[in-house]
Every structure is written in structure tokens, then in C-alpha cells.
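Quick note: residue numbers are just sequence positions, from 1.
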Amino acid sequence: MIIVYFDGACEPINPKGIATYGYVVYRDNQKIAEGSGLACEPFSWNSSNNVAEYTALVKALEYLVENGLTDKQVVVRGDSQLVIRQMIGWYSVKSERIKPLYEKAVELASKFKEIEFEWIPREYNEEADNLSHKAYVKFLDSHPDAVKKIEKYLATEKQIKYLELLGVKVYKYMGKFEASRLISRALQKKQKKKNQNSA
């Protein structure tokens with residue numbers, strides 16, 4: 001069995017941030033491939049999280065097709081409910097920006113003997129998520145002009161210190177929105193643990 005995990009992000013703001021993707025491929029519980037990069041090449045500020053998610057899916061399916069794995073049982077897992085439900089056929093595709101990527105993903109998926117799409121919570125998609133973040137950091141490390149453009153959207157010193165206090169890993173160029181989400185998640189976990197201990 002082949003299991004694919006894919007993820008995309010548009011940081012530090014969505015839309016019009018830096019869109020990147022990541023995917024990993026497992027065959028019988030052994031990792032056989034991974035990929036990451038910019039979702040828009042050549043680079044464009046006119047992108048979104050959904051573009052990044054679909055790019056990740058397309059890149060992963062292209063890898064499987066190019067490596068002759070279409071005759072295997074394939075399960076594709078992602079944390080984007082929109083992408084998974086559109087691929088299953090539960091949601092229609094209205095965005096003109098997404099349509100070409102969706103059509104490409106459907107065309108690639110049609111080449112497989114057996115393929116399923118499954119939604120998973122974000123915390124179960126960390127490997128693909130990390131690859132996407134690495135591509136984001138790599139791009140900014142080599143484009144100081146882009147860093148200047150997004151500086152006002154980056155996590156504040158106060159947010160970073162609070163995340164470190166909570167024991168949450170902080171990555172380079174983390175956005176304010178993502179920092180707020182991680183703080184909220186860490187506090188919820190802390191409260192849940194406290195409730196369990198006092199029960």
C-alpha cells in the first residue's frame with residue numbers, strides 16, 4: 001500500500017503571502033520519497049493556501065505516476081478539508097484560481113487503479129507540514145527583499161517568548177497569525193491536562 005501525506009501553506013499572510021508545499025510518500029510503512037518547494041514558480045505574491053495545498057497534491061501524484069506506482073493501492077491524506085472534499089466530489093470547485101490545479105489533480109488521480117482521499121487533523125500531518133515550512137524559510141533566506149516586505153506580518157518578540165515559555169517550537173519567519181494559533185492550541189492542551197489531573 002502507498003500512503004501519501006501532503007500539505008501547503010501561504011505565510012505569513014493568506015492570501016498574498018509566500019505559498020509553499022510539502023509531501024511525503026510511504027510504501028509499506030517505508031518512506032520512499034519527499035518533495036517541497038514554492039507553489040508558484042516563477043514566484044508570485046498572488047497566491048493562497050488553497051493553491052499551495054493543491055500544488056502539494058499535484059506534485060505528489062506526479063511523483064507516483066512518473067515512478068510507475070499507479071497500479072498500487074493508494075491512500076492520499078491531507079489536512080485541507082476543502083481539497084479532500086473537492087477530490088471526493090462532496091464540494092464543487094468555484095475558484096477560477098483553483099480550477100486548473102483541481103483539474104490536473106483529477107486527471108492524475110484517474111490514472112490510478114485504486115485511490116482514496118482522506119482528511120486528517122493537522123497534528124497528524126506534521127511531516128508534510130514541516131517540509132512546507134522548510135521551503136518557506138529557504139525562500140526567505142535567499143530573498144532578503146521579500147523578508148522586508150513581510151516584516152510587519154511576522155510574529156512579535158512577545159509572541160515568540162510566550163511560545164518558548166509554553167514549550168512550543170518556534171520556526172524562523174513565523175507569522176503573527178500562526179503564532180496566535182499555536183499559543184491558543186498550547187493553552188487549550190495545558191487546560192485539558194489540568195482538568196484531567198484534577199478529575
Side-chain angles (χ1 to χ4, degrees), residues 1-11 14-15 17-44 47-139 169 171 178 181-182 185:
M1 180 188 282
I2 304 286
I3 299 178
V4 175
Y5 294 88
F6 74 93
D7 196 30
C10 188
E11 298 183 87
N14 178 47
I18 296 157
T20 55
Y21 72 88
Y23 71 84
V24 286
V25 181
Y26 283 86
R27 182 175 185 174
D28 301 326
N29 297 318
Q30 295 287 319
K31 184 159 75 171
I32 60 169
E34 64 178 41
S36 63
L38 283 176
C40 295
E41 291 196 75
F43 174 72
S44 168
S47 195
S48 71
N49 188 63
N50 291 332
V51 167
E53 293 278 3
Y54 263 109
T55 301
L57 174 59
V58 166
K59 294 285 187 183
L61 294 179
E62 282 177 341
Y63 169 83
L64 297 180
V65 170
E66 288 164 10
N67 287 275
L69 297 168
T70 55
D71 62 335
K72 308 295 179 188
Q73 183 185 0
V74 176
V75 177
V76 180
R77 294 174 176 163
D79 57 37
S80 168
Q81 289 193 16
L82 180 78
V83 173
I84 295 297
R85 290 179 179 182
Q86 284 176 337
M87 291 303 295
I88 290 171
W90 291 357
Y91 288 177
S92 60
V93 182
K94 296 174 183 175
S95 168
E96 291 303 319
R97 187 188 291 177
I98 295 301
K99 277 181 183 176
L101 289 164
Y102 166 76
E103 287 165 3
K104 180 67 176 173
V106 169
E107 179 201 335
L108 288 164
S110 71
K111 299 178 186 292
F112 291 83
K113 186 178 176 181
E114 189 179 345
I115 189 166
E116 293 175 42
F117 295 91
E118 292 180 357
W119 176 81
I120 55 171
R122 189 171 180 173
E123 53 267 32
Y124 295 124
N125 202 25
E126 286 185 355
E127 197 171 2
D129 180 57
N130 286 337
L131 286 168
S132 180
H133 283 315
K134 282 178 183 175
Y136 166 69
V137 171
K138 184 180 177 182
F139 175 79
K169 187 180 176 185
Y171 60 87
E178 179 67 359
R181 187 190 73 79
L182 291 172
R185 186 174 149 197

Point to revise | Trace of the side-chain contact (heavy atoms from CB on, under 4.5 Å) decision for R27 with I2 | key: CA-CA 5 Å; R27 182 175 185 174; I2 304 286; 3.6 Å; yes
Practice item. Take L61 and F6 through the side-chain contact (heavy atoms from CB on, under 4.5 Å) test and state the conclusion after the steps. Key: CA-CA 10 Å; L61 294 179; F6 74 93; over 6 Å; no
Exercise for review: List the steps and the verdict of side-chain contact (heavy atoms from CB on, under 4.5 Å) for I32 and L69.
Suggested key: CA-CA 12 Å; I32 60 169; L69 297 168; 4.0 Å; yes
Practice item. Could you walk me through whether K134 and S36 pass side-chain contact (heavy atoms from CB on, under 4.5 Å), step by step? Key: CA-CA 8 Å; K134 282 178 183 175; S36 63; 5.7 Å; no
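Residues satisfying the side chain to side chain contact (heavy atoms under 4.5 Å, CB included) test with I88, not counting sequence neighbours, are I84, W90, F117. With sequence neighbours left out, F43 forms a ring-ring contact (aromatic ring centres under 6.0 Å, His included) with W45, F139.
Judged by distance alone, the side chain of S132 and the main-chain N or O of G8 form no donor-acceptor pair under 3.5 Å. Listed for the N14 side chain is a donor-acceptor partner under 3.5 Å among the backbone atoms of N49. Judged purely by atom type and a 3.5 angstrom limit, T70 has no side-chain atom pairing as donor or acceptor with the backbone of V65. Of the possible donor and acceptor atoms, one in the side chain of N130 sits under 3.5 Å from a partner among the backbone N and O of E126. Remark: side-chain polar atoms of E34 are not paired, donor with acceptor, to backbone N or O of Y23 under 3.5 angstrom.
The minimum heavy-atom distance linking A60 with V4 is given by the pair CB-CG1, 3.6 Å. A pairwise comparison of heavy atoms in D7 and A56 identifies O-CB, 3.2 Å as the closest pair. Here the closest heavy-atom approach between residue K94 and residue K99 is recorded as O-CE, 4.1 Å. Nearest heavy-atom pair, Y21 versus A52, reported as atom, atom and distance to 0.1 Å: CB-O, 3.8 Å. For the pair L57 and A105, the tightest heavy-atom approach, listed with the atom from each and the gap, is CD2-CB, 3.9 Å. Of all heavy-atom pairs between P15 and S47, the closest is CB-O, 3.2 Å.
Using a 4.5 Å cut-off on side-chain heavy atoms (C-beta onward), C40 and V51 make contact. Proximity of L38 to T55: side-chain heavy atoms (C-beta onward) are nowhere separated by under 4.5 Å. With contacts defined as side-chain heavy-atom distances shorter than 4.5 Å, the pair Y5/Y26 qualifies.
Counting heavy-atom neighbours within 6.0 Å of Y171 OH, excluding the residue itself, gives a total above 12. Within a 6.0 Å radius of CD in E123, more than 12 heavy atoms belonging to other residues, nucleotides or ligands are found. Atom CG of D71 is surrounded by more than 12 heavy atoms from other residues, nucleotides or ligands within 6.0 Å.
Aromatic ring orientation, Y102 versus Y54: perpendicular (interplanar angle above 60°, classes split at 30° and 60°).
To the nearest 0.5 Å, atom CD of residue E116 and atom CZ of residue R77 are 9.0 Å apart. A distance of 7.5 Å separates OG of S80 from CD of Q86, quoted to the nearest 0.5 Å. Atom CG of L64 sits about 11.5 Å away from atom NZ of K72, to the nearest 0.5 Å.
For the pair R122 and E178, the salt-bridge criterion is met [side-chain N within less than 4.0 Å of a carboxylate O].
Within the structure, the salt bridge (charged side-chain N to carboxylate O under 4.0 Å, His left out) test picks out no pair touching residues 53-63 (sequence neighbours left out).
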